[in-house]
2 protein chains.
Amino acid sequence: MRARRKSVPVRVGDVVIGGAAEIVVQSMTKADTRDVKATLNEISRLKDANCRIVRVAVPTKEAAQAMVEIKKASPLPIIADIHYDAPLALLALEAGVDGLRLNPGNIKDPEKVKEITRRAKEREVPIRIGVNAGSLPGRPKEGAGVRPPTEEVVTAMVNAALGHIHILESLDFNLIKVSMKASDPPTMIAANRALADKISYPLHLGVTEAGPPRTGAVKSAVGIGVLLEEGIGDTIRVSLAGDSVDEVEVAYGIVNALAEKLTGPNLIACPMCGRLEIDMLPMVAEVEQALKKIKRPINVSVMGCVVNGPGEGQHADIGIAGGKNKGILFKHGKIVGTFPENELVPALLRELDAIAKEDEQKLAS
Amino acid sequence: MRARRKSVPVRVGDVVIGGAAEIVVQSMTKADTRDVKATLNEISRLKDANCRIVRVAVPTKEAAQAMVEIKKASPLPIIADIHYDAPLALLALEAGVDGLRLNPGNIKDPEKVKEITRRAKEREVPIRIGVNAGSLPGRPKEGAGVRPPTEEVVTAMVNAALGHIHILESLDFNLIKVSMKASDPPTMIAANRALADKISYPLHLGVTEAGPPRTGAVKSAVGIGVLLEEGIGDTIRVSLAGDSVDEVEVAYGIVNALAEKLTGPNLIACPMCGRLEIDMLPMVAEVEQALKKIKRPINVSVMGCVVNGPGEGQHADIGIAGGKNKGILFKHGKIVGTFPENELVPALLRELDAIAKEDEQKLAS
């Protein structure tokens with residue numbers, strides 16, 4: 001992985017974004033914001049999934065009023081998502097939100113922008129400028145089924161971002177983060193690269209409207225992954241037409257895929273092939289489930305056969321490899337037992353359970 | 001996307017890999033190779049998913065014998081996956097396979113290697129050299145939960161690949177492809193980058209043993225995506241502990257995420273948020289299902305609300321955007337109808353059905 005781009009850190013509540021901070025995973029609630037209970041319930045599930053910051057849409061005055069209760073009870077820092085409407089931004093700031101997502105250029109009255117930045121500055125609340133390829137003014141049209149003409153779109157996106165930034169800077173406001181999103185990875189990759197050298201504000205990455213979980217996860221992993229691998233990006237949000245907890249899981253999948261050190265369990269499972277002599281899929285599913293309780297960084301491998309099994313398994317902290325009706329359990333490169341097929345996974349699960357209990361006790365103490 | 005690395009094309013059956021050819025998606029059967037019917041059934045499903053080449057494990061003499069029937073009936077070019085065993089490679093060649101996956105350095109008898117390359121050359125059958133980080137001889141051990149020391153592993157992988165290549169080249173055999181796989185993306189990314197400049201053979205990319213479909217898809221998208229984006233890679237295989245058809249779908253998801261032109265339908269769906277006033281998830285699922293029948297490149301968008309909906313939707317070829325109890329249908333930037341919520345998706349599905357029928361007629365004519 002290449003050296004991380006240097007950015008000036010910004011604080012959202014107690015979470016630092018940019019500078020030397022680790023990549024921050026965030027998400028956005030999908031519950032109706034006016035439904036305080038549903039929104040808080042979603043935030044609580046997001047926290048359990050290790051989401052660090054949550055964005056909440058504030059489309060109406062009722063939603064802004066609900067933010068008072070939501071902010072009071074939220075265990076995570078809250079960013080209010082505002083479009084065009086200055087009074088809603090002011091209400092959100094009064095509600096005590098930890099960040100705003102707002103494009104100052106979209107607010108027509110300069111006095112309103114001045115008031116928002118003054119109050120945000122008083123409260124040390126950062127503003128994310130969010131440029132979307134899809135909603136650029138005067139965006140060039142693409143043909144049927146064709147990608148947008150990336151170069152023109154990228155130039156328009158960079159200019160839009162610099163324009164919004166200029167408005168804030170001219171008001172002596174610099175608690176800024178910026179996102180450059182598009183629904184196609186090439187555009188969002190190019191737009192972030194183009195902006196990365198021009199500013200030192202932290203960058204928020206995302207492939208917008210990536211689609212349903214299966215295909216959206218892949219699009220997001222490609223777009224966000226390419227940028228993170230080259231050191232661009234300080235916080236990420238995966239946008240799926242699905243559960244927000246799925247967004248967080250995919251986001252961590254991307255971050256962990258590139259991490260130099262694991263932050264949790266990593267499951268290495270062979271894809272199976274025509275030399276397989278055990279029924280592997282249910283085994284993998286059981287082990288995957290058991291790993292949810294483990295908090296420590298650990299490589300766990302489930303191999304179907306002896307060709308790659310013991311060899312590749314040796315590099316895992318713990319694992320199993322199947323054979324003909326039986327298999328082996330190994331730890332740190334040493335075989336610690338041979339088991340009949342139906343006892344192989346239970347043997348691994350016992351080991352994983354013991355590890356999970358140790359982790360639980362460590363967390364409790 | 002950066003310029004594609006130049007490679008010398010190699011032919012596997014009627015499929016060209018490398019050179020100016022498009023990225024080739026391949027997979028590997030998981031059925032027991034000795035079970036000819038099950039293997040052919042899997043190959044047929046892979047073909048329907050647009051898989052271009054299929055690899056089949058040949059671990060035993062019985063499997064090699066089954067290859068005769070499999071090859072005869074297979075609608076896709078077949079690559080025989082061989083480990084260590086020279087007689088199996090010879091049997092597979094006799095069965096008429098279109099490619100071998102075999103590391104010549106693992107076959108102890110130089111005469112056997114000579115015989116394999118001679119016969120492969122006669123039949124114009126290429127050999128893929130496959131280096132796996134996990135099964136390197138004398139591979140340095142990593143600590144608990146820690147990534148392998150990438151630099152040392154990469155050097156060992158490059159040396160292993162060059163060693164195998166040297167054996168084939170010294171026998172005047174150059175129908176070669178090479179893969180450098182690891183179960184962690186940073187190692188496979190670094191290994192491919194390190195080898196890419198040293199040879200001009202096509203590169204086969206994969207994150208090996210990526211795990212179960214959900215997490216494995218993300219790991220694969222990051223590792224393969226980073227390399228494809230920088231122009232490295234001529235054929236890809238996604239390794240999931242799941243159905244091989246899933247591997248192909250994820251592979252196309254990665255390729256399409258970076259493609260300059262779409263090769264099929266692209267679903268843009270907003271992730272929903274607290275301003276949503278329609279029940280979007282079932283809509284997205286229905287549209288996703290309907291798109292399976294469409295073959296043409298087309299951008300289809302499903303947006304939950306008016307904030308990004310019509311704006312971002314305008315750049316799609318066709319789409320819907322929800323509102324309060326009703327929504328709009330648009331085509332090429334123009335609103336073509338307003339519908340109550342329960343008639344919105346049916347209206348889009350009618351349009352998509354008409355497109356699918358046109359595509360079907362075009363394919364049939």
Side-chain angles (χ1 to χ4, degrees), chain A residues 1 28-33 39 56-57 59 63 83 134-135 142 144-148 183 185-186 209 211-212 215 217-219 221-222 225-226 229 239-241 250 253-254 257-258 260-262 267-275 281 284 288 296-299 307-308 311-312 315 317 333, chain B residues 1 28-33 39 56-57 59 63 83 134-135 141-142 144-148 183 185-186 209 211-212 215 217-219 221-222 225-226 229 239-241 250 253-254 257-258 260-262 267-275 281 284 288 296-299 307-308 311-312 315 317:
Chain A
M1 214 153 110
M28 186 168 183
T29 50
K30 301 174 190 228
D32 187 324
T33 308
T39 303
V56 178
H83 284 260
S135 50
E142 60 267 28
V146 171
R147 297 285 194 186
S183 65
E209 297 135 16
T215 53
V218 169
K219 269 190 215 172
V222 169
V226 164
E229 199 277 334
S239 298
L240 302 177
V250 171
I254 298 169
L258 289 165
E260 275 177 48
K261 289 190 177 189
L262 296 177
L267 177 54
I268 298 162
C270 90
M272 312 176 292
C273 69
R275 65 173 73 85
L281 275 193
V284 173
E288 192 178 23
R296 73 176 73 177
I298 184 172
N299 281 307
V307 165
N308 296 314
E312 311 218 347
H315 305 283
D317 299 294
Chain B
M1 216 155 109
M28 185 168 184
T29 50
K30 299 172 191 229
D32 187 324
T33 308
T39 302
V56 178
H83 284 259
S135 50
K141 287 273 194 295
E142 59 267 29
V146 172
R147 298 282 193 189
S183 65
E209 296 136 15
T215 54
V218 169
K219 268 190 216 173
V222 169
V226 164
E229 199 277 335
S239 300
L240 300 178
V250 171
I254 298 169
L258 289 165
E260 273 175 50
K261 288 189 179 193
L262 295 177
L267 177 54
I268 298 163
C270 90
M272 311 176 293
C273 69
R275 66 173 73 85
L281 274 193
V284 173
E288 192 178 23
R296 74 176 72 177
I298 184 172
N299 282 308
V307 165
N308 296 314
E312 312 218 346
H315 305 284
D317 299 294

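Naming convention: chains lettered A, B, ... in sequence-line order (proteins, then strands); numbering from 1 in each chain. A quick note: this is a predicted structure, and the numbers were derived from the prediction, not measured. Worth knowing before you read on, the calculation uses all heavy atoms, side chains too, and leaves out hydrogens, waters and symmetry mates.
- By number of non-hydrogen pairs under 4.5 angstrom with chain A, the leading residue of B/Ala221, B/Ala217, B/Ala63, B/Gly225 is B/Ala221.
- Of all non-hydrogen atoms in A/Pro271 and B/Lys30, the two that sit nearest each other are O-NZ, 2.7 Å.
- Nearest approach of A/Ala257 to B/Pro186, heavy atoms of both residues: O-CD, 3.1 Å.
- Ranked by heavy-atom pairs shorter than 4.5 Å toward chain B, the options A/Ile254, A/Val218, A/Thr33 are led by A/Val218.
- Contact of B/Met272 with chain A is made through backbone and side chain together, with heavy-atom distances under 4.5 Å.
- For B/Val250, the parts sitting under 4.5 Å from any heavy atom of chain A are the backbone and the side chain alike.
- Atom SG of residue A/Cys273 and atom CG of residue B/Asp32 lie 9.5 Å apart, to the nearest 0.5 angstrom.
- For chain A, the nearby part of B/Ala31 is the backbone; its heavy atoms alone come within less than 4.5 Å.
- A/Lys219 and B/Leu267 get closest at one heavy-atom pair: NZ-O, 3.0 Å.
- Scanning both residues, B/Ala241 and A/Cys270, for their nearest heavy atoms gives CB-O, 3.6 Å.
- Interface residue B/Leu240: only backbone heavy atoms are found under 4.5 Å from chain A.
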